[in-house]
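These notes are about the structure you will find just below.
Remember, it's a predicted structure, so these values are computed and weren't measured experimentally. For reference, positions follow the sequence shown, starting with 1.
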Amino acid sequence: MGLFLALLAVISSLGDADRGSAVFFSILSVALFGMAYVFPEKTTGGVVVDEYSEVIKKISAIGKHLSDLNKFLEKERKRVADTEATVRSLNEEKTKLEPLVLTQRETVEAILAAHAARTARQAWKERMFGFVLGLAASLAASFVYEYFKR
């Protein structure tokens, strides 16, 4: 459009037309050219830039999520390492205490066996004592019965 007005301004200045219309068309063409440079139309390049901006935002969000995931995984690795260290120390303690426990178990079993043997001996003593007392009581009862029977 500005090119058409510039052409009209040149034709008017060359011909017999008044100079006012040539000046008017010249100013109008310069104004249209200026507006074309100052206020350019949005092209499809703006849409591409918007798409790139969206993709960059999404990539940034994914990067943040991956960073958070990395922090979580580091905490979990530390927790697993702590758990493994605890299990190792417990296994070492078990290895150290196992001979002591076996020794103590043997001692306890020996004490229980001695107690059982002593209890068995005492049971035979009690039975023999009871038998002898029963026999003496029976003899005494027989003598008393025979004494009152006569």
What is the distance from atom CG of L112 to atom OG1 of T119, rounded to the nearest 0.5 Å? 10.0 Å
Are Y147 and V144 connected into the same hydrophobic cluster when the rule is that any two of I, L, V, M, F, W, Y join if their side-chain heavy atoms are below 4.5 Å apart? yes
Any donor-acceptor pair under 3.5 Å linking the side chain of S138 with the backbone of G134? no
Hydrophobic cluster (4.5 angstrom, side-chain heavy atoms) - remaining members for F131: none
In Å and rounded to the nearest 0.5 Å, what is the CD to CD distance from Q104 to E109? 12.0 Å
Of all residues at least two apart in sequence or in a different chain, which pass the side-chain hydrogen bond (donor to acceptor under 3.5 Å, both in side chains) check with E126? none
Are R121 and W124 in a cation-pi contact, defined as NZ or CZ under 6.0 Å from the six-membered ring centre and within 45° of the axis? no
Sorted by chain and residue number, the side-chain hydrogen bond (donor to acceptor under 3.5 Å, both in side chains) partners of R88 (sequence neighbours excluded) come out as none
Just grab all the side-chain hydrogen bond (donor to acceptor under 3.5 Å, both in side chains) pairs involving residues 61-71, residues at least two apart or on different chains. K64-D68
I56: which residues meet the side chain to side chain contact (heavy atoms under 4.5 Å, CB included) condition with it, sequence neighbours left out? S60
K94 and L90: CA distance, side-chain angles, deciding distance, side chain to side chain contact (heavy atoms under 4.5 Å, CB included) verdict: CA-CA 6 Å; K94 176 188 168 226; L90 288 174; over 6 Å; no
Residues 77-86 side chain polar contacts: donor-acceptor under 3.5 Å, at least two apart:
residue : atom : partner : partner atom : Å
R77     : NH1  : E74     : OE2          : 2.7
K78     : NZ   : D82     : OD2          : 3.3
R79     : NE   : E76     : OE1          : 3.3
R79     : NH2  : E76     : OE1          : 2.8
T83     : OG1  : R79     : O            : 2.9
T86     : OG1  : D82     : O            : 2.9

Enter the distance from K58:NZ to S53:OG here, rounded to the nearest 0.5 Å. 12.0 Å
Which value, rounded to the nearest 0.5 Å, describes the distance between L73 atom CG and L69 atom CG? 4.5 Å
Quick one: pull up CD in E98 and OG1 in T103 and give me the separation to the nearest 0.5 Å. 10.5 Å
